[in-house]
Amino acid sequence: MNDKSDHLPPDWPTDEAAAHAVQDELRGRVILDEPGPAPGAPLVAVGVDVAYDDERDVVVAAAVALDARTLEVLEEATAVGRVAFPYVPGLLAFREIPTVLAALDRLAVTPGLLVCDGYGLAHPRRFGLASHLGVLTGLPSIGVAKNPFVFRYQDPGPRRGDSAPLLDGAEEVGRALRTRTGVKPVFVSVGHRVSLDTACAQVLALTRGYRLPETTRAADSLCRRALAAETGSVPPGAE
DNA sequence: GCGACAG
DNA sequence: ATCTTGTCGC
């Protein structure tokens, strides 16, 4: 009755130096010169997210495929794994990616765009979660974060669609994008095979009535429910 | 050296 | 991320 698995490659990094080396190697495979999926065209947008039970070192990943035009849910998948790395700002991907990949593998549809929680290019080493996931899957990917991380920005205009550069010094690493009038912006950055303009347009197309895109809302909701199903009914300490 | 710091 | 009740508002 226990289909829990670790999903860890044998060479998965266990310390920061090894993780940095992986980032440095994979960063060279990021593709930045593709515009990415055109907004308004048929597209399977897949939201991915994870939830943790730190007590048991359990992580649950969810991947939810939506029709980007209707926002209809096409398919859902989850996977359960062990936490693969401690939380270190800048190394988030090493915590989440093994289990996220397992969830994506369980999807029958082919994603046209991955929408991740967190960042892609907007990263101290220019290789955040969305970049990492994009390179490993070969799929177009973007990052949508709720916080500006270590970066600065001027407040965008007040209306939905208004945006301002997300800056690392003078370099634009992403965009603060207002998805709802009068509400705090989200922070969008490029992952793999998508331009920043396309990333922002897709985020707006995937957002209806809430600050966050429906892809991330659906994935967040699913992984929380799956985590509760996985651990909620089991007393702590029970193996 | 100390704090800040996506999720 | 996660710990957590009620409450104000459309």
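Below, all heavy atoms of this structure are taken into account, side chains as well, without hydrogens, waters or symmetry copies.
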Does [N] have OP1 or OP2 sitting under 4.0 Å from an N or O in the side chain of [X]?
X: A/K146; N: B/dG7; answer: yes
X: A/R95; N: B/dA6; answer: no
X: A/N147; N: B/dC5; answer: no

Quick one: label [X] by what it contacts on the DNA or RNA (base, sugar-phosphate, nothing), any heavy atom closer than 4.0 Å.
X: A/D53; result: nothing
X: A/L91; result: base
X: A/G90; result: base
X: A/A122; result: nothing

How close do A/A205 and A/L71 get, heavy atom to heavy atom, and via which atoms?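 Closest approach of A/A205 to A/L71: O-CD2, 4.1 Å.
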[X] [atom1] - [N] [atom2] separation (whole Å):
X: A/Y210; N: C/dC10; atom1: OH; atom2: C1'; result: 11 Å
X: A/L129; N: B/dC5; atom1: CG; atom2: P; result: 19 Å
X: A/L212; N: B/dA6; atom1: CG; atom2: P; result: 15 Å

Does atom CZ of A/R125 have more than 12 heavy-atom neighbours, drawn from other residues, nucleotides or ligands, at distances under 6.0 Å?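 More than 12 within 6.0 Å, yes.
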Of the nucleotides C/dT2, B/dC5, B/dA6, which one has an atom closest to the side chain of A/V150?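 Among C/dT2, B/dC5, B/dA6, the one nearest the side chain of A/V150 is B/dC5.
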Does A/Y52 stack onto the base of B/dG7, taking stacking as ring centres under 5.5 Å apart and planes under 30° apart?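 The ring of A/Y52 is not stacked on B/dG7.
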Distance-only donor-acceptor check, side chains A/S221 and A/R225, under 3.5 Å: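 On atom types as modelled, these side chains qualify, holding a pair under 3.5 Å.
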Donor + acceptor pair across side chains of A/Y153, A/E172 (<3.5 Å):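 Their side chains do not contain a donor-acceptor pair, so the 3.5 Å distance test is not met.
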